[in-house]
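A quick write-up on the structure given underneath.
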Amino acid sequence: MSEVVPADRLLDGLNPQQREAVTYRGPALLIVAGAGSGKTRVLTHRIAGLIAAHEAWPSQILAITFTNKAAAEMRERAESLMGSVAEGMWISTFHSACVRILRREAENFGFTKNFTIYDSHDSRTLIKRIIKAQEAEEYGCSVSGVAGRISKIKNELADPDSFARTVNESDPNELAFLAVFREYQRSLQAANAFDFDDLIGQTVYLFRAFPHVADVYRKKFRHILIDEYQDTNHAQYALIHELTRETEDGLPGASLTVVGDSDQSIYSFRGADIRNIAEFERDFPGATVILLEQNYRSTQTILSAANAVIANNFDRKDKSLWTDVGAGEKIVGFTGYSAHDEAQFVVDEIGALHAQGMGYSQISVFYRTNAQTRALEEIFIRSALPYRLIGGTKFYERAEIKDALAYLISIVNPVDALAVRRILNTPKRGLGPAAEAQLQNFAEVNGVSVREALRSADSLGFGPKAVRAIADLSSLLDEATALADGGAVAEVLQLLMQKTGYLDQLRTSKDPQDEARAENVDELIAVTKEFAKNHPEGTLTDFLTEVSLVAAADEIDDVSGSVSLMTMHTAKGLEYDAVFITGVEEELLPHRMAAMEPGGPAEERRLFYVGITRARQRLFLSLAMTRALFGQTGSAAPSRYLQEIPAELIEWKEQAGIAGGWGDAPSRSLGRSGGWGDEGGWSSLAPARPKTEWANRVTNQIRDNGDLTLQVGDRIMHVDFGEGTVMDVTGVDTKRVAHVRFDQAGPKKLLIKIAPIEKI
DNA sequence: ACCGAGAAATTTTTT
DNA sequence: ATTTCTCGGT
């Protein structure tokens with residue numbers, strides 16, 4: 001750990017605006033921080049300055065970041081500035097901070113401290129059941145529609161009662177929705193559970209309903225700092241207001257510092273309100289605004305492209321990033337025939353960058369939708385490039401992990417009906433829908449939890465087999481509960497996974513996927529052990545909280561030596577030496593769903609802007625002429641945003657490394673004034689070349705060349721690349737990689753086991 | 001109660 | 001294209 005920085009050196013290396021942002025003192029400060037302008041540095045130095053000057057104790061600091069990773073990073077940086085005193089500070093996401101408060105205060109309003117956190121998946125499961133039970137499909141209630149609507153309502157801090165007052169009573173669809181919403185909220189309360197939106201909303205409710213509780217936190221947090229303020233929604237905004245209010249006994253409100261950039265507001269779909277930042281000065285009288293416009297991240301070329309793009313959003317405050325590091329290299333553009341073609345370009349360029357000495361972990365590939373990962377992954381795997389998917393189908397969303405977690409939840413929060421019902425027949429123990437309904441009914445009639453109902457199995461008229469199964473489950477849960485009292489998270493999970501036979505069932509299953517599922521459960525057990533090591537005092541509830549709140553970006557691990565693949569949303573707040581933005585096409589960026597919404601195209605443009613400004617040295621923009629959607633291949637047109645980048649900043653390579661290609665046709669360059677335009681699309685380009693010549697014919701057969709041995713000098717034939725000579729073989733076992741120089745397509749690296757190759 | 005086959009729906013972005 | 005849902009047979 002580096003040395004503690006003395007207080008009088010905290011301003012070293014900061015520019016005048018940054019210094020002002022670090023040293024300004026007042027009730028409210030808005031730092032308008034352009035991309036890459038060193039805002040994290042400013043925030044940590046500001047905190048360190050407060051503490052060094054004894055203006056605040058660490059425990060009086062509340063810093064809110066967008067992801068847990070950002071929180072961890074900020075904590076680390078703060079510790080390097082001021083040492084271990086940083087430990088007492090609250091640095092976390094909105095959600096984590098609210099959970100911490102709610103666990104302490106839950107008893108005040110009908111919850112217990114072991115409440116469950118329902119993620120969006122859990123919410124949907126619950127909503128689906130309610131819709132079915134109330135037969136609300138007839139009234140236009142779809143699961144996704146209801147879920148989205150409830151989330152929106154909660155983000156506006158309404159509850160079923162206040163919402164009911166706005167409902168048109170003569171509209172049966174509205175009433176059906178209201179009934180579902182009411183039942184959903186009732187179920188959450190009965191299950192001692194909060195959904196993601198409740199974590200914020202109920203904290204606000206708690207503060208408003210119990211001022212003396214709010215005062216505890218108002219007195220505790222004297223300095224509140226919020227990052228990514230442009231992406232706060234109304235509930236978060238209200239929470240900030242509650243926390244910075246004057247206390248009952250007249251202590252003035254805490255000082256508030258917010259950092260944000262309206263050009264990077266990309267979460268309006270989940271209620272983020274750009275007005276929060278636009279109207280900050282009006283909301284917090286006496287506020288000061290400081291602008292950070294000098295960029296320390298990117299080359300001038302990248303910044304010029306970013307500025308040119310974002311300038312097309314008309315209702316923004318004019319702001320222009322600049323740097324003094326020089327122009328750097330041109331942006332590279334590429335148009336592939338298919339998504340696989342595009343992926344091959346990405347892989348080839350990454351290979352070249354790596355050969356020049358750039359580490360894989362300094363390279364990232366962005367896309368608009370998670371569905372785009374398929375083609376990228378296929379080509380990455382074939383090329384044996386180390387990569388990591390960030391986000392997407394997350395570990396904690398896998399069914400087997402949810403099953404295992406449901407067991408743990410049933411231990412700490414036995415009234416959580418969703419969890420108990422999930423484990424009731426997992427693994428299969430002969431308790432199907434009928435048994436479930438009977439237990440549910442018994443629980444409701446007698447006013448007990450489903451967990452309690454399990455204890456009365458023999459009085460419910462089940463057959464002897466079912467009674468036996470229920471009694472076994474019930475006593476196992478009791479045994480695990482007793483063990484959990486000691487806090488042994490890993491032991492509890494292991495006990496449950498073994499005694500239920502869940503792991504054994506997965507291991508002996510004939511479904512080949514179950515092997516991977518068993519490994520995932522083992523991985524979860526490893527996670528619990530790791531957790532116990534890091535948190536010796538950690539309870540089962542602490543563990544469950546942690547896994548409920550992991551964000552996609554939290555998975556990034558800089559030392560892994562892998563290329564990171566992620567959506568542009570996930571990329572917010574990150575930076576890489578080289579960035580690839582893929583799928584820069586109409587219908588995808590802007591996405592077709594956003595193109596029609598008011599403000600949609602502008603938000604998509606901000607998203608593109610966020611993507612561009614993640615790049616330090618090199619930026620690559622790519623697209624494909626055809627792309628599969630729903631398994632159907634359709635044609636795609638270049639994104640309107642591409643044409644907003646001055647043509648001289650981009651060097652286009654339509655088709656890389658294919659023999660007989662357009663290498664000799666630079667006039668077809670797809671710049672702003674290039675080969676497409678008003679008459680539009682690809683019609684003039686696509687027929688120019690027969691499809692068969694493109695390197696996109698990816699076979700979907702799973703190859704297994706496991707026993708194929710190659711030696712330097714061998715000649716091979718590849719399905720896409722034709723003939724080539726093996727130049728080198730590296731790696732061992734299933735990870736053997738052939739370095740091949742293809743006669744036509746140039747040098748490639750191939751994973752021998754699965755590459756579509758044959759020795760000739 | 002369980003399992004398989006066929007049908008239907010799905011993909012915007014996320015704490 | 002893949003995953004989830006539904007239905008009918010065992």
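This one's a predicted model, so the numbers in the text were calculated from it and none came from an experiment. Each chain gets a letter, A, B and so on, in the order the sequences are listed, and its residues count up from 1. Side chains are part of it too, since the values below use all heavy atoms of this structure and drop only hydrogens, waters and symmetry mates.
Taking only distance into account, the side chain of A:H591 never meets the base of B:dT12 through a donor-acceptor pair shorter than 3.5 Å.
Closest to the side chain of A:F630, out of B:dT11, B:dT14, B:dA1, is B:dT11. Nearest to the side-chain atoms of A:N425 among the listed nucleotides B:dT11, B:dC2, B:dT14 stands B:dC2.
Between the side chain of A:N313 and the backbone N or O of A:I310 there is no donor-acceptor pair closer than 3.5 Å.
Rounding to whole angstrom units, CZ of residue A:F269 and P of B:dT13 are separated by 8 Å.
Residue contacts for A:S120: at a heavy-atom cut-off of 4.0 Å it reaches a base atom on one of the strands shown. Nucleic acid contact class of A:F94 (heavy atoms, under 4.0 Å, all strands): none. At the heavy-atom level, A:L588 lies nowhere under 4.0 Å from the strands shown.
Judged by ring centres under 5.5 Å apart and planes tilted less than 30 degrees, A:F66 fails to stack against the six-membered base ring of B:dT15.
Residues forming a side-chain contact (heavy atoms from CB on, under 4.5 Å) with A:T545 (at least two apart in sequence, or on another chain): A:V99, A:R103, A:I117, A:T541, A:L549. When the ring-ring contact (aromatic ring centres under 6.0 Å, His included) test is applied to A:F94, no partner is found at least two apart in sequence or on another chain.
OP1 or OP2 of B:dT14 has at least one side-chain nitrogen or oxygen of A:T567 nearer than 4.0 Å.
Look at A:K39 and A:D261 and you find no salt bridge, because none of the NZ, NE, NH1 or NH2 atoms lies under 4.0 Å from a carboxylate O.
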